[in-house]
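Only heavy atoms go into these numbers, but all of them, side chains included; no hydrogens, no water, no symmetry mates. A, B, ... follow the sequence lines: proteins, then strands. Residue 1 opens every chain.
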Number of protein chains: 2
Amino acid sequence: MALADEAGLDGLSMRRLATELGVVPMALYKHVANKDELLDGIIDTVVSEIDLTPVEGDWKPVIRGRILAARQALLRHPWASGAIEARRNPTPAVMAYLDSIIGLFRAGGFGVDEVHHAIHALGSRILGFSQELFDDTPTDPDAQEQAAHAMAGTFPWLAEMALQVAHDEKTVVGSGCDDQFEFEFALDLLLDGFERLRKAG
Amino acid sequence: MALADEAGLDGLSMRRLATELGVVPMALYKHVANKDELLDGIIDTVVSEIDLTPVEGDWKPVIRGRILAARQALLRHPWASGAIEARRNPTPAVMAYLDSIIGLFRAGGFGVDEVHHAIHALGSRILGFSQELFDDTPTDPDAQEQAAHAMAGTFPWLAEMALQVAHDEKTVVGSGCDDQFEFEFALDLLLDGFERLRKAG
DNA sequence: CTCGATGGGTGTACGGCGTACACCTAGACC
DNA sequence: GGTCTAGGTGTACGCCGTACACCCATCGAG
């Protein structure tokens with residue numbers, strides 16, 4: 001049923017998925033009320049991949065690990081994070097995940113208010129634009145460098161950063177922005193911040 | 001043209017917008033190549049509302065102010081942030097905004113790498129779910145409290161937090177989650193983190 | 001063994017979407 | 001007056017989600 005995770009496509013749906021299953025579109029409606037419900041379903045199966053089994057240890061590494069696990073699950077299904085955000089009310093599995101995170105904070109000695117703020121901080125996108133603002137499709141560094149030079153006049157600082165990235169790409173192996181690193185960087189920054197607040201508070 | 005900011009609706013478009021302008025749908029295509037280009041257009045007009053005029057002062061309050069200004073602009077047009085995120089490449093105005101932020105960091109003494117990480121941190125949604133995970137449509141506290149109790153069994157920690165929020169709503173005026181406060185909380189946490197890194201760095 | 005109910009698949013149809021293509025018109029400019 | 005062109009028009013196509021009516025195979029009750 002929710003094995004509809006299949007062909008891994010996102011923007012395409014319902015009629016398409018039906019034919020993919022060798023069935024007429026309307027047949028799907030015998031299993032789900034509408035498309036949203038179907039999406040809720042597959043979202044839940046993805047989120048359920050996150051390992052929520054209790055772990056012993058200090059709150060910080062434990063929470064860190066769980067969030068990174070969630071990230072891994074979402075990375076396995078690139079369309080998922082977008083789908084989750086588009087939903088107006090969270091699905092049960094999402095609730096369960098959130099609940100587990102909150103529980104870890106509470107067990108770590110945080111007060112309810114503190115956790116509340118922490119959850120918001122972890123969930124908010126400060127710039128209002130998401131991390132994937134630039135699609136990090138790996139273009140070759142030289143083209144990137146050229147583009148950077150081209151916009152040096154209008155967007156000097158952006159260009160500077162882009163050049164640095166292009167440079168790194170040519171010297172070190174791997175793609176310019178190490179997304180994983182960036183993610184952990186921001187995560188640790190926040191976790192450290194929470195810790196300081198707790199000690200201070 | 002981009003005065004299409006009009007009726008403030010989002011999910012509806014093109015044909016709809018055409019009739020709204022008293023014109024046949026295809027007429028729009030004499031001004032924009034396709035719907036995406038139109039969206040890019042209105043996104044740019046929204047983002048252009050952000051005041052990017054140079055400001056004197058310490059980097060932290062200046063950046064803080066600019067980001068909060070951006071937030072105000074996006075809050076004025078609730079559909080905008082979603083639209084921006086959905087776009088694959090940023091529009092010029094978005095680039096200009098990013099550039100200005102990067103510039104402020106650089107002027108504040110940050111190195112290129114540091115700024116790079118900072119930008120990523122500011123832009124990422126750590127949980128993978130956005131802040132508006134729960135639509136904060138103001139429901140009455142009692143109903144909320146009841147719902148919280150109902151899920152206390154399955155999601156104890158979530159319920160605990162929800163109860164606290166419901167309680168606050170009844171005692172203090174204003175809505176339970178002060179979004180503005182939460183936003184500034186996360187923002188300051190990150191800014192403080194950046195500062196410490198720079199001093200350590 | 002018949003019979004009704006029921007779960008799942010089918011076919012047709014509607015209204016909405018974005019947009020390709022060919023056409024028309026009113027002014028601007030030589 | 002003749003040409004060019006920017007902008008508006010009409011028709012049509014293929015996609016989408018889904019409402020509604022139908023059909024059939026299985027199965028438990030009588």
Interatomic distance where CG belongs to A/N34 and P belongs to D/dG17 [whole Å]: 11 Å

Sugar-phosphate only, base, or nothing, as touched by A/K35 at under 4.0 Å among non-hydrogen atoms: sugar-phosphate

Nucleotide nearest B/H31 (side chain, heavy atoms from C-beta), chosen from D/dT18, D/dG8, C/dG11: D/dG8

Rounded interatomic separation in angstrom, taking CG from A/D36 and C1' from D/dC16: 14 Å

A/Y29 vs A/E37, side chain to side chain contact (heavy atoms under 4.5 Å, CB included): CA-CA, chis, key distance, verdict: CA-CA 10 Å; A/Y29 288 84; A/E37 191 175 301; over 6 Å; no

Separation of atom CG in A/L38 from atom P in D/dG17, rounded to whole Å: 10 Å

Sugar-phosphate only, base, or nothing, as touched by B/M26 at under 4.0 Å among non-hydrogen atoms: base

Ring geometry between B/F105 and B/F110 (parallel below 30°, tilted from 30 to 60°, perpendicular above 60°): perpendicular

Whole-Å gap separating C1' (D/dG17) and CG (A/L39): 12 Å

For atom CZ of B/R16 and atom P of C/dC17, their distance in whole Å: 9 Å

Distance, rounded to the nearest Å, where A/L28 contributes CG and D/dC16 contributes C1': 13 Å

Gap separating the CG atom of B/L38 from the CD1 atom of B/I43, nearest 0.5 angstrom: 10.0 Å

Inter-residue atom distance B/L74.CG - B/Q72.CD, 0.5 Å rounding: 9.5 Å

Nearest-angstrom distance from the residue atom CE of B/M14 to C1' of D/dC16: 17 Å

Candidates D/dG8, C/dC17, C/dG18 - which lies nearest the side chain of B/A27: D/dG8

Residue B/V23, side-chain atoms from C-beta onward, closest of C/dG18, D/dT18, D/dT9: D/dT9

Interatomic distance, A/R15 CZ vs C/dT12 C1' [rounded to whole Å]: 11 Å

Base C/dG7 paired with A/K30 side chain (donor-acceptor, <3.5 Å): no

Short side-chain donor-acceptor distance under 3.5 Å, B/T91 and B/D44: yes

